[in-house]
*Asks:* 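I'd like to ask some things about the structure below.
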Amino acid sequence: MSDESNTQDLDDLLLAEMLQDFLKEAPEHLDQMNLNLIQLQEDPEEEELINKIFRNVHTLKGSASFVGLKKINEVSRKMEEVIGDVRKGAFKITAPIIDIMYEGLDILTTLIDKAVTNDGTEVDISSILKKLDGIPKNTIPASEEQPDKQETESEDSHELLSLYKQSYDQLSILKHFIYSSVHLSDRESLAVLFSKQIDETMDAERNAIWLVEDGQKVVEMAHDGKLVKEDNRRVLEIESSEVLKRVIRDQLVVWSSSFAQMKDVLPEFQRPTLFPIKAQPHAFGFLVVDPEELAEVEVYQFVGQFAAMILNISKLHQKVDEQRKELNELTEILFKQNAQLSSLNHIEVDLMKATDPVHLCRIVVEAVVGELEARIAAAFLIDKSSQELIGAAESGGFQGIDSTRFSIDSKKPFMQCIESGRIVTYRDHAEKLHMGPNVLENWVIICLKGKEGPQGVLVTEVGDEDIGDSISILVNHAGILLDNLMLQKRLGNGIKDRLSSQ
Amino acid sequence: MKKMLIVDDSPSVRKLVEFTLKAKGFQVSSAGDGQEALELTAKEQFDAIILDINMPRMNGLEFLQKMRADVTYATTPIIMLTTEGQDEDKDKAVALGATAYIVKPFKPIQLLGFLEKIVPSS
């Protein structure tokens, strides 16, 4: 699929660009952290400094995970945990902690230098991770006490604040979703893309994207960043499960803790949470993750909303495609009309060469069948004295035209056409038209008339209703020319008569 | 939103007019002949009618006559679609109360130009 490889290219390009940005910005964060640590030595209780350091490592952690620098991500995450605990008031900053933080900073500096210079030599981070893990147990001076319970209240608000900040930060990751997915228009690729993004950038151990099909079922499209092959897709009836009804019909987040049946629906998940991909009137589907942290719930909700947005865009894509198709169809109609018009032009030139009414009739019927693609056509001239229609010319296999002759009032559609001057068709009289051995189904009778009134009729069977206008243009011209020919004939006869009488 | 009715026996012309008018924000209904159109005008009030002349069952002139005899449609703009050479029909249509006529084949933009004058879209 070309769409997939395009996405891949775009992803790679974006990642490469972001990596460059990261390597450019990272030293700045490290410098700032260095300064902040120096100040913290002087003033270990200063909240603002602790917050700054938290942000330094937090940013490094987030960006590093995004550009795939695992070691930097791991070290900065551990450092963030330590500072985070300090912020929450779990313990206080001490000299040994600052030392370990410096050590972490050194390792980060080395790692980033190596990334910048593309130096592939290994840096061992196990010892620093161990030290960071050991905080505060291994760093508490014997004399210090654990903080007492009085601080519980501020602990709560700190925790909330940090959760909020963390989520906020993760939102920036979501921007990537938009960049990399707006050009996609098929649901499969979108599902895989979402699943992949969650797999790579969030902490959930597993995830899956299920989409609604036919309004009644949900189908597992992708899990853990991979497309589920069509034959292997699990399909569940929405109405069969309270869990599915809740997430799809009510568009609510569903927690495993509140629904015991969850295991029956998604046995491979430990503690799954289902997020609806909201849309009107029912959800497009849902996203399911095994979350590690409650803090990410809001982010997943946002992911669900983004997914809905992108799916909506993909629907718009489809609509645009449909309109394009319609436009193409119309262009085709215009082309067809133009083509008919240009063929009409040269038929008109031919018509002017006609020397007598029968010749003119022949040109008309041949043009109707040959150029306008009618199945069959026959022209009749009116014999005014006997009020009869006399066969003049045929095309397309009308049998026995030369011997066809009938009185106008013997066939109702013909009479109607000549009397009213208007087109009469099989839609006026829902029956086949029988003329000797000929049987016409979608028949049309048009009057050949000029200023002098009706001179004849054209009978034809059309396959395509669109040629009606072209036929009537042709017949209009033929009628006028027929008038002229009759006039000439009369004039000729008149002169002959006069000459003979002299 | 202004409601338009296109009456023509050619599916292509109906489609062309429908598409052109919908793109301009009109609401469009269509009928294949005068008889069908009559059923629609009985149910709904249209702001303008675009009407072909050559049609089976009931042609444009007959339909036009019926419209002008109907109080609710006596003054509704009706644009006739005529084919080249139908001078006689043109004259008849104008005598029967047609508002304007366009000679087929026409370009969508010509139709819009007419409508702009007759039915201001605002």
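Chain letters run A, B, ... following the sequence lines, proteins first and then strands; every chain starts at 1. No hydrogens, no waters, no symmetry mates; every other heavy atom, side chains included, goes into these values. The structure presented is a predicted model; accordingly, all values stated were derived computationally and were not measured.
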*Asks:* Would you mind checking which part of B:Gln35 comes under 4.5 Å of any heavy atom in chain A, side chain (CB onward), backbone (N, CA, C, O), both or neither?
*Replies:* neither

*Asks:* OH of B:Tyr101: more than 12 outside heavy atoms within 6.0 angstrom?
*Replies:* no

*Asks:* Heavy-atom distances under 4.5 Å only: say whether A:Leu334 touches chain B with side chain, backbone, both or neither.
*Replies:* side chain

*Asks:* Find the distance between CG (B:Asp9) and OG (A:Ser472) and round it off to the nearest 0.5 Å.
*Replies:* 8.0 Å

*Asks:* Using a 6.0 Å cut-off, check whether atom NZ of B:Lys66 has over 12 heavy atoms from anything other than its own residue.
*Replies:* no

*Asks:* Please state whether the side chain, the backbone, both or neither of A:Ile333 comes within less than 4.5 Å of a heavy atom of chain B.
*Replies:* side chain

*Asks:* Is atom CD of A:Glu373 surrounded by more than 12 heavy atoms (other residues, nucleotides or ligands) closer than 6.0 Å?
*Replies:* no

*Asks:* Using a 4.5 angstrom heavy-atom cutoff, name the option from A:Ile423, A:Leu344, A:Val475, A:Val444 with the most pairs to chain B.
*Replies:* A:Ile423

*Asks:* If you count the non-hydrogen atoms of other residues, nucleotides and ligands that lie under 6.0 Å from NZ in A:Lys384, is the total more than 12?
*Replies:* yes

*Asks:* Please state whether the side chain, the backbone, both or neither of A:Glu329 comes within less than 4.5 Å of a heavy atom of chain B.
*Replies:* side chain

*Asks:* Near B:Glu44 CD, under 6.0 Å, is it more than 12 heavy atoms from other residues, nucleotides or ligands?
*Replies:* yes

*Asks:* Show the nearest heavy-atom pair for residues B:Thr83 and A:Asp469, with the distance to one decimal.
*Replies:* CG2-O, 3.9 Å

*Asks:* Could you check whether any side-chain heavy atom of B:Asn54 comes within less than 4.5 Å of a side-chain heavy atom of A:Ile471, counting everything from C-beta outward?
*Replies:* no

*Asks:* Under 3.5 Å, is there a donor-acceptor pair between the side chain of A:Arg422 and the main chain of B:Arg57?
*Replies:* yes

*Asks:* Just so I understand: if I count every heavy-atom pair under 4.5 Å between each of A:Ile446, A:Ile473, A:Val424, A:Asp428 and chain B, which residue has the most?
*Replies:* A:Asp428

